[in-house]
Asks: 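Sharing a structure with you now.
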Amino acid sequence: MKLNGKVALVTGSSQGIGQAIAIRLAQDGASVVINYRSHPEGAQETLRQVQAAGGKCHMAQSNNVDATIQADLGQVSEVQRLISESIDRFGQVDILVNNAGLEKRADFWDVSEEDYDKVTDVNLKGVFFAAQAFVKHLKQTNRPGKIINISSVHEELPFPHFTSYCVSKGGVKMMMRNLAVELGPLGITINNVAPGAIVTPINKNLLEDKEKLNALVKNIPLGRLGKPEDVSNLVAFLASSDADYITGSTFFVDGGLLWNYQEQ
Ligand code: NAD
């Protein structure tokens, strides 16, 4: 299996895309650290499926190490603790998937500082400092590694009423490009995976609004919303040695939405 012997940390993996990524990386042989903020039961469900996928090849999971770690990625000290606890429990981390994220809808003129901070602290600042703590670990142990950020089509595409979200994902785009140049000489790759509209709890309101949903599906050339597995398939490739020469790029998983989008 392609990820045998590797340890992957997936942030925000108690549900949605993060959960699918954790399970898929385990299917490919990785030991997986599952992070959650406030849903331990979701993290336990991810763990159950990770264990079912992995069996004995998971060194930590088969040694009764607790693979779930609570941490609020909106706080830098918590981000740093998450990385150091992952290393303490698993001995190493080889793959960091920055998946945790949130969005807040508001007209631009109504956005509060509190909501702006909530979004950018997790989606941008948290990603920055998770990558930094991970890189320090790789430098100290003189090993290569892979960073995969779950960005969004909205690192490119305007999303009216979600300006703080676009600020965060656009920031992650430039962070990724910059770090590809700075970290390449260390053997560390970094790429973004940019989903379009995927069926997860983040889209609860949209999924419950039939009219909006139908209008959106009409904008997607492949004629459907994405599944979390559509995203995790690509992450598994980028996490593997098949992607060793790939860094500094964004890969869209959007059914063609990006080049065919109209705001309703
Ligand atoms: P989701 O709401 O189901 O999952 C988001 C995860 O992030 C949850 O597990 C949540 O607990 C975690 N999270 C949020 N704030 C956190 C914090 N402070 N600390 C730790 N964890 C925190 O949504 P999803 O669709 O699975 O989103 C995953 C990623 O994919 C996000 O970065 C999101 O921006 C991105 N994305 C999703 C879509 C989509 O259509 N679903 C599209 C583009 C990008």
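Just so you know, ligand 1 is whichever comes first in the structure, and atom 1 is the first atom listed for that ligand.
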Asks: Output the list of atoms in ligand 1 that are nearer than 4.0 Å to some heavy atom of Val122, sorted by atom number.
Replies: 18 (N)
Asks: Is Ala71 near ligand 1, meaning one of its heavy atoms is under 4.0 Å from it?
Replies: yes
Asks: Set out, in order, the CA-CA distance, both residues' side-chain angles and the distance that settles salt bridge (Lys or Arg N to Asp or Glu O under 4.0 Å) for Asp244 and Lys146, then state yes or no.
Replies: CA-CA 9 Å; Asp244 277 352; Lys146 296 195 192 298; 2.7 Å; yes
Asks: Between Asp72 and ligand 1, find which residue part has any heavy-atom pair under 4.0 Å and reply side chain, backbone, both or neither.
Replies: both
Asks: Tell me the protein heavy atom at minimum distance from atom 21 (N) of ligand 1, and give that distance in Å.
Replies: Ala100 CB, 3.6 Å
Asks: Working to the nearest 0.5 Å, report the span between CG of Asn4 and CG of Asp28.
Replies: 9.5 Å
Asks: Going by the atom numbers of ligand 1, which of them fall below 4.0 Å from some non-hydrogen atom of Ala197?
Replies: 40 (O)
Asks: Answer with side chain, backbone, both or neither: which part of Pro228 has a heavy atom less than 4.0 angstrom from an atom of ligand 1?
Replies: neither
Asks: Any side-chain to backbone donor/acceptor pair from Asp72 onto Gly74? Under 3.5 Å, distance only.
Replies: yes
Asks: Which of these passes side chain to side chain contact (heavy atoms under 4.5 Å, CB included) with Leu183: Leu138, Thr247, Val135?
Replies: Val135
Asks: With a cutoff of 4.0 Å, is Gln19 in contact with ligand 1, counting heavy atoms of the residue only?
Replies: no
Asks: State the atoms of ligand 1, each with its element, that fall below the 4.0 Å cut-off from a heavy-atom position in Gly16.
Replies: 3 (O), 26 (O)
Asks: Give me the nearest non-hydrogen protein atom to atom 30 (O) of ligand 1 as residue plus atom name, then the distance to 0.1 Å.
Replies: Ile150 CG2, 3.4 Å
Asks: Would you call the rings of Tyr165 and Phe159 parallel, tilted or perpendicular, taking 30° and 60° as the class edges?
Replies: perpendicular
Asks: Just wondering, more than 12 heavy atoms not from Glu208 lying within 6.0 Å of its CD?
Replies: yes
Asks: What residue and atom, counting heavy atoms only, is the protein's closest point to atom 36 (N) of ligand 1, and at what distance?
Replies: Tyr165 OH, 3.7 Å
Asks: Mark up the atoms of ligand 1 that fall under 4.0 Å of a heavy atom belonging to Asn203, in ascending order.
Replies: 39 (C), 40 (O), 41 (N)
Asks: Which of the listed options, Arg37, Lys204, Gln70, holds the heavy atom that is closest to atom 17 (C) of ligand 1?
Replies: Arg37
Asks: Return yes if some donor-acceptor pair links the side-chain N/O of His154 with the main-chain N/O of Leu157 below 3.5 Å, else return no.
Replies: yes
Asks: Ignoring hydrogens and geometry, is there a side-chain-to-backbone donor-acceptor pair from Asn99 to Gly12 under 3.5 Å?
Replies: yes
Asks: Which atoms of ligand 1 have any heavy atom of Ser14 under 4.0 Å away?
Replies: 9 (O)
Asks: Tell me the protein heavy atom at minimum distance from atom 19 (N) of ligand 1, and give that distance in Å.
Replies: Leu73 N, 2.8 Å
Asks: Report the part of Lys169 in contact with ligand 1, treating N, CA, C, O as backbone and CB onward as side chain, heavy atoms under 4.0 Å; options are side chain, backbone, both, neither.
Replies: side chain
Asks: Check each atom of ligand 1 against the heavy atoms of Gly74 and keep those under 4.0 Å away; list them by number with element.
Replies: 18 (N)
Asks: In the protein, which heavy atom is nearest to atom 31 (C) of ligand 1, and how far is it?
Replies: Asn99 O, 3.2 Å
Asks: With the threshold set at under 4.0 angstrom, would you say Ser151 reaches ligand 1 through any of its heavy atoms?
Replies: yes
Asks: Which residue supplies the protein heavy atom nearest to atom 37 (C) of ligand 1, what is that atom called, and how far is it?
Replies: Ile17 CD1, 3.7 Å
Asks: Without swapping roles, check the side chain of Arg89 against the backbone of Thr68 for a donor-acceptor pair under 3.5 Å.
Replies: yes
Asks: Checking Leu102 against Asn123 for the side chain to side chain contact (heavy atoms under 4.5 Å, CB included) test, could you report, in this order, the C-alpha distance in whole Å, the side-chain angles of both residues, the deciding distance, and whether it holds?
Replies: CA-CA 7 Å; Leu102 73 156; Asn123 295 12; 3.7 Å; yes
Asks: Quick test: of every protein heavy atom, which one is nearest to atom 14 (C) of ligand 1, and how far off is it to 0.1 Å?
Replies: Gly101 O, 3.6 Å
Asks: Closer than 4.0 Å to some heavy atom of Pro195 - which atoms of ligand 1 meet that?
Replies: 42 (C), 43 (C), 44 (C)
Asks: Can you tell me if Lys169 uses its side chain to pair, donor with acceptor, with the backbone of Ile150 under 3.5 Å?
Replies: yes
Asks: Of the protein's non-hydrogen atoms, which lies at the shortest distance from atom 9 (O) of ligand 1, and what is that distance?
Replies: Gly12 O, 3.2 Å
Asks: Considering residues, nucleotides and ligands other than Asn214, do more than 12 of their heavy atoms fall under 6.0 Å from its CG?
Replies: yes
Asks: Can a donor-acceptor pair be found, under 3.5 Å and without considering hydrogens, that links the side chain of Asn35 to the backbone of Val10?
Replies: no
Asks: Name the option, out of Gly196, Ala20, Ser152, Pro201, that contains the heavy atom nearest to atom 38 (C) of ligand 1.
Replies: Gly196
Asks: State whether the number of non-hydrogen atoms from other residues, nucleotides or ligands found under 6.0 Å of Glu113 atom CD is greater than 12.
Replies: no
